[in-house]
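We count ligands from 1, going down the list as the structure has it; atoms in each ligand are counted the same way. Heavy atoms only: backbone and side chains are in, while hydrogens, waters and symmetry mates are out. Keep in mind the model is a prediction, meaning the values are calculated, not measured.
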Amino acid sequence: MAAAVTGGLAVVGGGISGVTCAEQLAAQFPTDNILLITASPLIKAVTNVRQVSRVLEEFDVTERCSSELEARYPNLRVVRSAVRELRSDQKRITTEDGGEYSYSKLCLCTGAKPRVIVTGNPYVLGIRDTDSAQDFQRRLCDTRRVLIVGNGGIAMELVYEIEGCEVIWAVKDKSIGNAYFDAGAAEFLISQLQADKAATPLTCKRTRYAVDALTGGKAVGAGSALGPDWHQGLNLQASKEFSRCVHVEAETEVKRIFLQEEFELLNMTALPSPKSSSSHSSNPAEWPVYVQLTNGKTYGCDFIVSATGVIPNIEPFICGNKFDLGGDGGFRVDEHMRTSLPDIYAAGDVCTASWKPSPLWQQMRLWTQARQMGWYAAKCIAADITGETIEMDFCFELFAHVTKFFNYKVILLGKYNGQGLGTDHELMLRCTRGVEYVKMDLSSYGESLLDPNIDIEDYFD
Ligand code: FAD
């Protein structure tokens, strides 16, 4: 059993939020010992931060050995073991390897895990870390048809990237990607699914994800969440020769999943390939698993990817500790990233921002916000220790995110989808099929746009 470490500042989680928080604390308190406890053997490192504009930033993300972090910050010690228990009344943490650590202030940055539609079914996969992504790649090799459930960023990347097998994409909304854009933009993007993949991706200067050569591409167990470009090191080509073959089933959810034997016993029938001209049902014995959708359709497939959001990783901390939790299951944090328990902060995917947000900001469980929250949590911890006052950081004024969907660079700013505006609003739209889709808020221009002396072009240069 590891000796108890009496404590100073401790951070749990080796993802972007935890590492950023620990680095910042180590830099701000160079004579104090900072402890970073993480279940993953590798930690995330943010490098090459580039400030694109006041609110938009780009950076590279790599997975590194924790010794590199310790070398850079001699007062930072990394413990590689999962936290098993938190005794907030005693300010103590116990890890799986039997270590016991006390702390004066603690920041929880344990991320989130995929919310899979069913657990324990060998044909249903969630993608979260390097481990699960590689499992997915292995299965894809001899796949004829995969069913993807979900309408977020991961599902969108998968349907665009997978080649050489049929993809049935079940989305619960009317249009694809509605967490990120409206039906018009969805229409603009969906044509890309029919087009052949661009030979060379469009130039994209944004957050990149790389697994350090040290991992040799091996599975890394209870790792941190993947992020932008996570699929770039993977081969997402299935066994067939063709490129993309996607069929979208909109406004539907998974009702039941049947294994082959059960399906045969029930004497059920499944639909043929949506892309084939045949109207015959497929042979009942053809697929290892079948999915019945709420729209009444049933498809057979080789496996199912459940990309239906995430659940904050709070389990090891809640037993015996009365945390206030948000509606999405995260630790509620105030404007100083404090949870409801004394001297415990939280940042990144595991927390639920519960302060009154600026009218143009919303929480989304994204890489940029994990970094911003980790950095700001460290600042708040420091301010609480030194007794200084601290203002809410500017990054929480305006939501800003750069990403890429279907090979298009996508920039999301503020309430980019008119969130909270209901149906009573106007916006300006500029769309050139296959080239660009730009949406603007006109409220600051008001009626001046209608003034015939105003050259509208000037506004949009
Ligand atoms: P994580 O990165 O999940 O880190 C959590 C850390 O806590 C890990 O090190 C884990 O080992 C550790 N941990 C967990 N439990 C314990 C425990 N009990 N004890 C000790 N340590 C523990 N975001 C984007 O912005 N753009 C994208 O394109 C994008 N794509 C994504 C694609 C995929 C497949 C996934 C899964 C996520 C994607 N995200 C994307 C989301 C982004 O990766 C996350 O929002 C971000 O990584 C969250 O960082 P975090 O530090 O809060 O948590």
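Of all atoms in ligand 1, listed by their number and element, those nearer than 4.0 Å to a heavy atom of Arg365 are 41 (C), 45 (O). Using a 4.0 Å cut-off to heavy atoms of Ala82, the atoms of ligand 1 that qualify are 19 (N), 20 (C). Every atom of ligand 1 with a heavy atom of Gly348 under 4.0 Å away is listed here by number and element: 52 (O). Ligand-side atoms of ligand 1 in range of Val83: 17 (C), 18 (N), 19 (N), 20 (C), range being under 4.0 angstrom from any heavy atom. Taking every non-hydrogen atom of Pro316 and a distance limit under 4.0 Å, the qualifying atoms of ligand 1 come out as 18 (N). Each of the atoms 3 (O), 5 (C), 52 (O), 53 (O) of ligand 1 lies under 4.0 Å from some heavy atom of Gly111. Remark: ligand 1 atoms within the under-4.0 Å shell around heavy atoms of Trp367 are 23 (N), 24 (C), 25 (O), 42 (C), 45 (O). Atoms of ligand 1 lying under 4.0 Å from any heavy atom of Cys109, numbered from 1 in the order shown and given with element: 5 (C), 6 (C), 7 (O).
For Phe317, the ring pair (Phe, Tyr, Trp, His ring centres under 6.0 Å) criterion is met by no residue, not counting sequence neighbours. Every residue two or more places apart in sequence or in another chain that forms a ring pair (Phe, Tyr, Trp, His ring centres under 6.0 Å) with Tyr180 is listed here: Phe405.
With a 6.0 Å cutoff to the six-membered ring centre and a 45° limit on the axis angle, Arg92 does not count as a cation-pi contact of Tyr103. Both tests hold for Arg139 against Phe303: distance to the six-membered ring centre under 6.0 Å, angle to the ring axis within 45°.
With respect to Lys404 and Glu157, no salt bridge is recorded, no charged nitrogen being found less than 4.0 Å from a carboxylate O.
Distances between N or O atoms of Asp349 and those of ligand 1 include at least one value under 3.5 Å. For the pair Ser40 and ligand 1, the shortest N or O to N or O distance falls below 3.5 Å. At under 3.5 Å, not a single nitrogen or oxygen of Ala347, backbone or side chain, sits near a nitrogen or oxygen of ligand 1. For ligand 1, the polar-atom distance check finds an N/O of Gly14 within less than 3.5 Å of one of the ligand's N/O atoms. Annotation: Thr403 places no N or O atom under 3.5 Å from an N or O atom of ligand 1; distance criterion only.
Around the NZ atom of Lys172, the shell of radius 6.0 Å holds no more than 12 heavy atoms that belong to other residues, nucleotides or ligands. Counting non-hydrogen atoms of neighbouring residues, nucleotides and ligands closer than 6.0 angstrom, the CD atom of Glu391 reaches no more than 12 such neighbours.
Within the 4.5 Å cutoff, side-chain heavy atoms of Cys351 are placed close to those of Met337.
Ligand 1 has at least one atom lying under 4.0 Å from a heavy atom of Ile127. Assignment of His401 to the shell around ligand 1 is supported, since a heavy atom sits closer than 4.0 Å.
Closest non-hydrogen pair, Thr143 versus Cys165, comes out as O-CB, 3.3 Å.
At a heavy-atom cutoff of 4.0 Å, ligand 1 is contacted by the side chain of Ile154 but not by its backbone. At a heavy-atom distance under 4.0 Å, no atom of Pro114 approaches ligand 1. Looking at Val12 against ligand 1, only its side chain comes within 4.0 Å, counting heavy atoms. Within the 4.0 Å heavy-atom criterion, the part of Ala370 lying near ligand 1 is the side chain and not the backbone.
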Inset, instruction - Report the C-alpha distance between Met373 and Phe396 in whole Å, list the side-chain angles of each, state the deciding distance to 0.1 Å, and finish with yes or no for side chain to side chain contact (heavy atoms under 4.5 Å, CB included). - result: CA-CA 9 Å; Met373 286 181 172; Phe396 300 108; 4.1 Å; yes
Inset, instruction - Test Tyr437 against Tyr408 for ring-ring contact (aromatic ring centres under 6.0 Å, His included), laying out the working first. - result: CA-CA 10 Å; Tyr437 183 89; Tyr408 284 100; over 10 Å; no
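The ring pair (Phe, Tyr, Trp, His ring centres under 6.0 Å) test with Trp361 singles out one residue from Phe394, Trp355, Tyr416, and that residue is Trp355.
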